[in-house]
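Inspection log for the structure reproduced underneath, given as structure tokens.
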Amino acid sequence: MFFVKLVEALGRFFIVWVHELGEFLLFARSFFRWLFARPFRKSVFFRQMEFIGVRSLPIIALTGTFTGMVFALQTGYAFRQFNAQIFVGSTVGLALTREIAPVFTALMVAARAGSAMAAEIGTMKVTEQVDALSAMAVNPMHYLVVPRVVASVLMLPLLAGIFSYIGIVGAYFVAVHLLHIEPVVFTQKLIYYVDVDDVVGGLIKAAFFGAMLGLISCQRGYRTYGGAEGVGRSTTQAVVISSVVILVMDYFLTSWILEVFPGN
């Protein structure tokens, strides 16, 4: 009896999962169909860039600074056991540019801007403002979704680059003033081991993460139903699904980038 119930539960979960994935793929196909449609609404696009990029700067600067400082502190004490503190700069630089900056940036933006996208579009959906757009011959996908997703793709790499830079500055402060590593040694090892491919690989990751969190957040908002409770549910789902997808995608993107840039 228990086995039958278990199979039924797994079957229901699989059906729901396939249904959700199908809805998302249809939504993504509709996005690409309207991506290059005219007219291009510059004011909406720049407003989304400001919302996603500029307004995320304080949280990105804060998390970047303390992430770099903590990472330098941890690696410094670990390397001290092997008398290898001189590699703190290169280790922090590689970790930030390749991995930590794009992933942490995407998670922060998903929590701040992705939830807001889902809530805004969801509120418009339940108050029938989306239907009103269609009645005025304005395609909601073109007007609401395309500017948000494109702005996410463009702003995530910029924010990830700022995260890396500020994180390295924080790591420099800890390495020089707390771990007593020579500034020249920190800088030389950082420049020697961190090359352009590491930075480019991290920025490519951030762009993919931006596309996914934008699409997921907008799709969750677009399919909202059930009033205020539905808006809250869509907002939570947008953050949770975006975070999980970002972490899963990170593995596959890392494997692909290591193939594209064999020097890594």
Side-chain angles (χ1 to χ4, degrees), residues 24 52-75 78 88-118 148-171 174 190 193-220 235-261 263-264:
F24 177 76
I52 296 169
V54 178
R55 295 193 189 181
S56 297
L57 276 176
I59 189 67
I60 293 300
L62 185 68
T63 53
T65 301
F66 283 96
T67 300
M69 293 173 71
V70 169
F71 200 58
L73 203 59
Q74 291 281 11
T75 54
V88 168
S90 56
T91 304
V92 172
L94 287 171
L96 282 172
T97 54
R98 286 183 180 182
E99 197 64 42
I100 295 176
V103 173
F104 275 34
T105 300
L107 294 177
M108 291 294 108
V109 173
R112 198 198 73 78
S115 59
M117 288 185 216
R148 286 170 170 78
V149 176
V150 175
S152 298
V153 173
L154 294 178
M155 295 313 295
L156 259 290
L158 293 175
L159 291 172
I162 293 171
F163 189 109
S164 295
Y165 176 77
I166 294 178
I168 290 172
V169 172
V174 169
L190 178 69
Y193 284 101
V194 180
D195 56 27
V196 176
D197 288 351
D198 299 312
V199 178
V200 172
L203 299 183
I204 291 173
K205 272 188 186 180
F208 275 99
F209 293 157
M212 288 307 298
L213 78 87
L215 282 171
I216 291 170
S217 300
C218 292
Q219 193 258 347
R220 288 289 111 178
T235 304
T236 304
Q237 289 176 348
V239 176
V240 172
I241 296 173
S242 296
S243 301
V244 172
V245 169
I246 287 165
L247 294 175
V248 173
M249 275 184 67
D250 184 44
Y251 171 78
F252 296 101
L253 284 175
T254 300
S255 303
W256 173 66
I257 288 171
L258 288 175
E259 292 291 330
V260 174
F261 301 108
N264 286 5

Considering all heavy atoms, the nearest L203-P157 contact
CD2-O, 3.3 Å
Which heavy atom of G202 sits nearest to which heavy atom of P102, and what is that distance?
O-CB, 3.5 Å
Which donor-acceptor pairs under 3.5 Å do the side chains of residues 210-217 make with protein atoms, sequence neighbours left out?
| unit_1 | atom_1 | unit_2 | atom_2 | d |
| --- | --- | --- | --- | --- |
| S217 | OG | G114 | O | 3.4 |
| S217 | OG | L213 | O | 2.7 |

More than 12 non-hydrogen atoms from neighbouring residues, nucleotides or ligands closer than 6.0 Å to CZ on F71, yes or no?
yes
Work out which heavy atom in C218 is nearest to a heavy atom in V149; give both atom names and the distance.
SG-CG2, 4.3 Å
Is there a side-chain contact between S242 and R220, using heavy atoms and a 4.5 Å cut-off?
no
Pairwise salt bridge (charged side-chain N to carboxylate O under 4.0 Å, His left out) hits with a residue in residues 60-72, at least two apart
none
Of all heavy-atom pairs between L159 and I60, which one has the smallest distance, and what is that distance?
O-CG2, 3.6 Å
Shortest non-hydrogen contact from I246 toward A110
CD1-CB, 4.5 Å
Pair listing, side-chain hydrogen bond (donor to acceptor under 3.5 Å, both in side chains) test, anchored in residues 199-208, at least two apart
E99-K205, K205-D250, K205-T254
Please list all pairs passing the salt bridge (charged side-chain N to carboxylate O under 4.0 Å, His left out) test where one or both residues lie in residues 61-71, with sequence neighbours left out.
none
Taking all non-hydrogen atoms of both residues, which atom of V92 and which atom of A171 are closest, and how far apart?
CG1-CB, 3.5 Å
Using a 4.5 Å cut-off on heavy atoms from C-beta on, say whether the side chain of M117 contacts that of I52.
yes
Pairwise side-chain contact, I241 with F24, heavy-atom cut-off 4.5 Å (strictly under):
no
Side chain to side chain contact (heavy atoms under 4.5 Å, CB included) between F209 and T105, intermediate numbers included:
CA-CA 9 Å; F209 293 157; T105 300; over 6 Å; no
From L156 CG over to I204 CD1, what is the distance, rounded to the nearest 0.5 angstrom?
14.0 Å
Could you note down all residue pairs passing side-chain hydrogen bond (donor to acceptor under 3.5 Å, both in side chains) where residues 59-75 supplies at least one of them, sequence neighbours left out?
none
Given side chains that start at C-beta, do those of W256 and F208 come closer than 4.5 Å, heavy atoms only?
yes
Side-chain polar contacts of residues 161-169 - donor-acceptor pairs under 3.5 angstrom, sequence neighbours left out - could you list them?
| unit_1 | atom_1 | unit_2 | atom_2 | d |
| --- | --- | --- | --- | --- |
| S164 | OG | A160 | O | 3.2 |

Do L158 and L154 touch side chain to side chain, with heavy atoms closer than 4.5 Å?
no
How many angstroms lie between OG1 in T97 and CG in D195, if you round to the nearest 0.5 Å?
8.5 Å
